[in-house]
Amino acid sequence: MKQTPHSPRRKDVDGLRGLAIAGVVAFHFFPSALPGGFAGVDIFFVISGFVISTLLRKALDDGQFTFANFYNRRIRRLLPALLLVLGSCLLLGWFTLLFNEY
């Protein structure tokens, strides 16, 4: 993740995100070993909300917040991954699914 002057890296928050993701992954592979692992999704979203609100507060305090800039950053960050996943699913589905499933 690219660091900017407005978003100093928080290793503690990154560690909590990692634990939340690990819980979800463990739940998917071994549901009986970690039956509450799905709660990691909620924890991840709460942490993400904290990170985003911290960045928004900093931008508001600096007088640099605009909705256009906020959504531009989200789109530039999320759209490439979305397009990759959608393209991969379309391509993989074309070769692995039956016509009525595709």
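Along the sequence shown, the residues carry numbers beginning at 1. None of the values given here were measured: they were computed from a predicted structure.
- In plain terms, the two heavy atoms of Ser32 and Pro35 that are nearest each other are O-CD, 3.8 Å.
- Atom CZ of Phe30 has 12 or fewer heavy atoms from other residues, nucleotides or ligands within 6.0 Å.
- When all heavy atoms are compared, the tightest approach of Gly23 to Leu34 is O-CD2, 3.6 Å.
- Taking the six-membered ring where the residue is Trp, Phe67 and Tyr71 present parallel rings, their angle staying beneath 30° rather than reaching 60°.
- Residues Trp94 and Leu90 are members of one and the same hydrophobic cluster, defined by side-chain heavy-atom contacts under 4.5 angstrom among Ile, Leu, Val, Met, Phe, Trp and Tyr.
- Residues Val13 and Leu55 share a hydrophobic cluster, clusters being chains of Ile/Leu/Val/Met/Phe/Trp/Tyr side chains in contact below 4.5 Å.
- Side-chain contact between Glu101 and Thr96 is absent, with no heavy-atom pair separated by less than 4.5 Å.
- Hydrophobic clustering of Ile, Leu, Val, Met, Phe, Trp and Tyr side chains at less than 4.5 Å, counting indirect connections, unites Phe44 with Phe29.
- Val51 has its side chain out of reach of Thr54: every pair of non-hydrogen atoms, C-beta onward, lies at least 4.5 Å apart.
- Note that CD1 of Ile43 is 12.0 Å distant from OG of Ser48, once rounded to the nearest 0.5 Å.
- Scanning both residues, Leu16 and Ile47, for their nearest heavy atoms gives CB-CD1, 3.5 Å.
- To the nearest 0.5 angstrom, Asn72 atom CG is 13.5 Å from Arg77 atom CZ.
- How far OG1 of Thr66 is from CG of Leu60: 10.0 Å, rounded to the nearest 0.5 Å.
- Contact detail for Ala20 and Gly40: the closest heavy-atom pair is CB-O, 3.4 Å.
- Using a 4.0 Å cut-off between charged side-chain N and carboxylate O, Lys58 and Asp62 make a salt bridge.
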For this session: For Phe65 and Arg57, run side-chain contact (heavy atoms from CB on, under 4.5 Å): C-alpha distance rounded to whole Å, both residues' side-chain angles, the deciding distance at 0.1 Å, then the answer.
Result: CA-CA 9 Å; Phe65 175 78; Arg57 191 185 67 201; over 6 Å; no

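- Smallest separation of non-hydrogen atoms from Arg9 and Asp14: NE-OD2, 3.1 Å.
- Counting heavy-atom neighbours within 6.0 Å of Tyr102 OH, excluding the residue itself, gives a total above 12.
- Under a hydrophobic-cluster definition in which Ile, Leu, Val, Met, Phe, Trp and Tyr are linked whenever side-chain heavy atoms come within less than 4.5 Å, directly or via other members, Leu91 and Leu97 are assigned to the same cluster.
- Note that CG of Leu56 and CZ of Phe70 are 5.0 Å apart. Values are rounded to the nearest 0.5 Å.
- Using a 4.5 Å heavy-atom cutoff, the side chains of Leu78 and Leu82 are not in contact.
- The aromatic rings of Phe38 and Phe27 lie perpendicular to each other, with more than 60° between the two planes, well past the 30° mark.
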